[in-house]
Amino acid sequence: MERKHVLTIAGSDSGGGAGIQADLKVFSALGTYGMSVITAVTAQNTLGVTAIQEIDAQIVKSQLDAVFSDIRVDAVKIGMVSNQEIMDVIAESIQRYQPPHVVMDPVMIAKSGDPLLQEDSIATLRSVLLPMATLITPNLPEAEVLLGCNITSTTEMRQAVKELAGKMNTQVLLKGGHLDGDAVDILSTGKEFSSPRIETPHTHGTGCSLSSAIAAYLALGEPIDEAIAKAKEYVFQAICHAFPIGNGHSPIHHFYQWDQGGRKVWDS
Ligand SMILES: Nc1ncnc2c1ncn2[C@@H]1O[C@H](COP(=O)(O)OP(=O)(O)OP(=O)(O)O)[C@@H](O)[C@H]1O
Ligand SMILES: Cc1ncc(CO)c(N)n1
């Protein structure tokens with residue numbers, strides 16, 4: 001079967017748990033060929049982010065042109081994009097090369113609480129980048145910033161996801177990882193994706209991995225509902241099999257094999 005190619009446009013996490021590193025691990029685990037355009041380098045570990053170097057927008061553009069001018073891209077995932085100049089070059093390149101699927105995780109703040117987006121870039125994110133996406137995957141705090149209101153329950157999520165989709169003119173998957181109880185994510189079509197909540201501190205990289213798994217499954221030809229359902233199951237298993245590294249929130253785990261009956265066996 002023809003190998004599918006998936007591109008992540010995101011920031012690097014030196015600790016290997018989120019950002020580019022998580023995305024590439026997901027792409028490989030799902031049998032796709034992964035490529036990366038790096039927008040920022042973060043000095044980061046399980047405890048937090050200690051420094052950020054944004055990549056020059058022209059270098060981001062050169063990376064995008066290098067990939068798109070030579071290699072077929074079946075789906076794109078966009079993660080951390082911290083300033084307006086970089087947002088503009090990404091938007092131009094999506095417009096120019098028209099990849100079939102664009103999944104955008106509007107990353108604003110790391111799980112550790114560290115900001116990953118410049119405050120004055122939120123308007124550009126909203127008006128330039130988000131409308132280019134096939135699907136956006138905000139978590140609750142990000143949706144609150146985009147909508148300017150509080151979302152405190154699944155009932156409020158149902159209303160908020162519809163409003164966001166209308167405002168951004170795109171499909172929205174609102175992630176409920178930050179509420180209590182079952183982990184319920186709601187798509188703007190009204191479809192809900194639920195999994196039991198795993199009581200663990202080791203959830204670093206869940207958001208990055210969910211959006212990159214959705215992009216990979218879309219590249220593999222799954223319809224959007226199926227791509228989200230499979231991506232959510234992938235993240236659930238990856239949380240279940242996380243193991244502690246470092247002293248803070250450890251990353252989720254991306255390695256499984258197939259047994260002789262064709263079933264996935266997660267390494268732990
Ligand atoms: N403890 C948990 N148990 C089960 N599922 C979870 C848990 N935490 C998050 N999820 C699921 O993981 C996915 C990512 O959601 P989350 O709300 O954590 O994203 P995020 O805040 O963007 O992540 P990140 O902090 O990595 O950016 C969602 O499908 C969510 O429902
Ligand atoms: C580089 C990077 N992207 C995204 C996140 C979101 O958690 C993170 N912590 N680091």
Side-chain angles (χ1 to χ4, degrees), residues 4-28 32-44 49-110 114-138 142 145-146 168-170 205 207-208 211-212 215-216 218-219:
K4 297 298 182 184
H5 306 164
V6 192
L7 170 66
T8 171
I9 305 171
S12 164
D13 167 3
S14 52
I20 289 281
Q21 287 78 3
D23 300 341
L24 291 175
K25 289 174 192 180
V26 171
F27 297 159
S28 289
T32 58
Y33 177 74
M35 300 166 283
S36 60
V37 164
I38 301 185
T39 59
V41 173
T42 71
Q44 188 172 174
V49 179
T50 50
I52 297 179
Q53 174 70 64
E54 294 174 333
I55 302 298
D56 185 285
Q58 282 313 305
I59 302 293
V60 175
K61 180 174 166 16
S62 301
Q63 294 177 74
L64 287 163
D65 287 336
V67 172
F68 278 114
S69 65
D70 183 40
I71 308 169
R72 191 193 71 241
V73 176
D74 297 304
V76 173
K77 173 254 162 84
I78 305 176
M80 174 183 176
V81 185
S82 55
N83 71 42
Q84 296 169 34
E85 291 72 29
I86 304 179
M87 289 177 190
D88 285 336
V89 300
I90 295 172
E92 278 163 25
S93 131
I94 299 288
Q95 195 105 55
R96 175 165 175 206
Y97 296 106
Q98 302 275 323
H101 307 283
V102 179
V103 180
M104 165 121 209
D105 189 13
V107 172
M108 294 182 188
I109 296 172
D114 300 287
L116 299 174
L117 170 69
Q118 289 181 12
E119 191 101 18
D120 63 1
S121 304
I122 292 174
T124 310
L125 176 73
R126 200 190 269 121
S127 62
V128 175
L129 211 45
L130 293 183
M132 307 232 96
T134 327
L135 174 72
I136 65 171
T137 62
E142 290 155 356
V145 169
L146 293 170
M168 304 299 156
N169 199 21
T170 183
C208 300
S211 52
S212 48
L218 289 172

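Numbering starts at 1 and runs along the sequence shown. Source: prediction; values computed, not measured.
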Taking the side chain as everything from C-beta on, heavy atoms only, tell me whether [X] gets closer than 4.5 Å to [Y].
| X | Y | answer |
| --- | --- | --- |
| F68 | V76 | yes |
| Q63 | I59 | yes |
| I20 | M80 | no |
| V37 | T8 | no |
| S212 | V6 | no |
| M87 | S121 | yes |

May I ask you to decide if [Y]'s main-chain N or O and [X]'s side chain share a donor-acceptor pair within less than 3.5 Å?
| X | Y | result |
| --- | --- | --- |
| T42 | V49 | no |
| K25 | G17 | no |
| N83 | E85 | yes |
| T134 | V102 | yes |
| T170 | A133 | yes |
| T32 | F27 | yes |
| T39 | A10 | yes |
| Q21 | D13 | yes |
| S14 | Q44 | yes |

- Query: Yes or no on side-chain contact (heavy atoms from CB on, under 4.5 Å) for T124 and L129, after CA distance, side-chain angles and deciding distance?
  - Reply: CA-CA 7 Å; T124 310; L129 211 45; over 6 Å; no
Taking all non-hydrogen atoms of both residues, which atom of [X] and which atom of [Y] are closest, and how far apart?
| X | Y | answer |
| --- | --- | --- |
| A66 | S69 | O-OG, 3.5 Å |
| R96 | D65 | NH1-OD1, 3.8 Å |
| V145 | R126 | O-NH2, 3.3 Å |
| C208 | G19 | SG-N, 3.3 Å |
| A219 | A75 | CB-CB, 3.8 Å |
| V89 | A57 | CG2-O, 3.8 Å |

- Please walk me through it: do L125 and L117 pass side-chain contact (heavy atoms from CB on, under 4.5 Å)? CA-CA 10 Å; L125 176 73; L117 170 69; 4.2 Å; yes
Nearest-0.5 Å distance that lies between atom [atom1] in [X] and atom [atom2] in [Y]:
| X | Y | atom1 | atom2 | answer |
| --- | --- | --- | --- | --- |
| L135 | M168 | CG | CE | 13.5 Å |
| D23 | S36 | CG | OG | 9.0 Å |
| I94 | M104 | CD1 | CE | 9.5 Å |
| E142 | I136 | CD | CD1 | 9.5 Å |
| S93 | L7 | OG | CG | 8.5 Å |
| I78 | D105 | CD1 | CG | 10.5 Å |

Can you confirm whether [X] is buried at [atom1], in the sense that more than 12 heavy atoms of other residues, nucleotides or ligands lie under 6.0 Å from that atom?
| X | atom1 | result |
| --- | --- | --- |
| Y97 | OH | yes |
| E119 | CD | no |
| D120 | CG | yes |

- Verdict with reasoning, I109 to L116, per side-chain contact (heavy atoms from CB on, under 4.5 Å): CA-CA 5 Å; I109 296 172; L116 299 174; over 6 Å; no
- Run the salt bridge (charged side-chain N to carboxylate O under 4.0 Å, His left out) check on D74 and R72 step by step: do they pass? CA-CA 6 Å; D74 297 304; R72 191 193 71 241; 2.8 Å; yes
- Message: Is it true that K77 and S211 share a donor-acceptor pair across their side chains at a distance under 3.5 Å?
- Response: yes
- Query: Taking atom types as modelled and ignoring hydrogens, do the side chains of Q118 and E54 form a donor-acceptor contact shorter than 3.5 angstrom?
  - Reply: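 Present: a donor and an acceptor within the cut-off.
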- Audit row: V103, T137, side-chain contact (heavy atoms from CB on, under 4.5 Å) steps and yes/no: CA-CA 8 Å; V103 180; T137 62; 4.1 Å; yes
